[in-house]
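Quick caveat, the model's predicted, so the values are computed rather than measured.
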Amino acid sequence: MLDILSGRLKGSGPVPFEFAHWSDELGVPVARLREVIAWLVEHEFLALDGDVDGIARLWVNPSVAFPPWTDPRTVAARYRFPYITTAPGGMAAEQPVIIHPYDEAEWEGVYQQHLHMIEDLVCFSSTGCALHDG
């Protein structure tokens, strides 16, 4: 679900999610999609900004994904998203996911640490930042 939503991010706005369309596309009942979205909202991977006529406006936590040339601090502040990261040791760690409560200074640090990726489209290409000299 996060992959679908992340691939539809445009600018700093929400992603419209049409439950009936994705139910047909994925072969999953609408009720199950709603359960998944509710879980992702409850655990702050997403924020729900309305659901009218089966179309939800979903904001993706920028620690999950954000499009090039957008400032993740804007969406993080709007919904007071926590910063979500993996623990050292990844999935093998006792608690593999670390959720840091919303903190403006921490999001500023994340922004500064990833500024080269935010401003450089090559970082969002298949070759990635590490291979770019510029």
Side-chain angles (χ1 to χ4, degrees):
M1 191 62 51
L2 289 173
D3 189 42
I4 289 169
L5 294 168
S6 297
R8 282 155 182 73
L9 284 168
K10 291 185 172 73
S12 293
V15 177
F17 185 83
E18 187 175 353
F19 285 99
H21 167 79
W22 286 106
S23 173
D24 291 343
E25 186 80 19
L26 300 170
V28 175
V30 168
R32 179 63 183 137
L33 289 177
R34 287 189 176 282
E35 288 172 4
V36 170
I37 294 296
W39 187 92
L40 291 168
V41 169
E42 178 184 346
H43 291 89
E44 300 182 280
F45 289 90
L46 301 174
L48 175 63
D49 187 16
D51 182 349
V52 178
D53 297 327
I55 301 174
R57 287 173 38 102
L58 298 169
W59 295 81
V60 177
N61 181 326
S63 64
V64 173
F66 61 90
W69 300 307
T70 60
D71 186 343
R73 299 171 299 180
T74 305
V75 174
R78 180 181 184 129
Y79 288 98
R80 303 191 60 75
F81 275 126
Y83 182 67
I84 302 169
T85 188
T86 53
M91 295 309 288
E94 186 174 324
Q95 187 173 355
V97 177
I98 299 171
I99 299 174
H100 304 272
Y102 175 79
D103 177 57
E104 185 177 345
E106 183 158 2
W107 275 105
E108 178 64 29
V110 169
Y111 174 76
Q112 293 301 325
Q113 181 181 3
H114 295 95
L115 190 56
H116 67 286
M117 291 174 33
I118 293 165
E119 293 179 341
D120 189 350
L121 185 59
V122 173
C123 291
F124 288 92
S125 72
S126 60
T127 58
C129 294
L131 301 176
H132 182 59
D133 293 336

Heavy-atom side-chain proximity of [X] to [Y] below 4.5 angstrom:
X	Y	value
Leu9	Thr70	no
Leu33	Met1	yes
Leu2	Leu46	yes

Can you tell me how far apart [atom1] ([X]) and [atom2] ([Y]) are? Round to the nearest 0.5 Å.
X	Y	atom1	atom2	value
Leu48	Arg34	CG	CZ	9.0 Å
Asn61	Leu40	CG	CG	10.5 Å
Phe17	Leu5	CZ	CG	6.0 Å

Compare every heavy atom of Trp107 with every heavy atom of Ser63, then report the nearest pair and how far apart it is.
->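 Reported closest heavy-atom pair: N-CH2, 3.5 Å.
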Report, one line per pair, each donor and acceptor closer than 3.5 Å where one atom sits in a side chain of residues 76-104; sequence neighbours left out.
unit_1: Tyr79; atom_1: OH; unit_2: Asp49; atom_2: OD2; d: 3.3
unit_1: Tyr79; atom_1: OH; unit_2: Trp59; atom_2: NE1; d: 3.1
unit_1: Asp103; atom_1: OD2; unit_2: Glu106; atom_2: N; d: 2.9

Mind checking whether [X] and [Y] sit in one hydrophobic cluster, side chains of I, L, V, M, F, W, Y counted as touching below 4.5 Å?
X	Y	result
Phe45	Ile37	yes
Leu58	Val60	yes
Val30	Trp39	yes
Ile55	Ile4	no

Arg32: side chain to side chain donor-acceptor pair (under 3.5 Å) partners, not counting sequence neighbours | Glu35
If a pair satisfies side chain to side chain donor-acceptor pair (under 3.5 Å) and one of its residues is in residues 11-26, list it, with sequence neighbours excluded.
->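 Residue pairs passing side chain to side chain donor-acceptor pair (under 3.5 Å), neighbours aside: none found.
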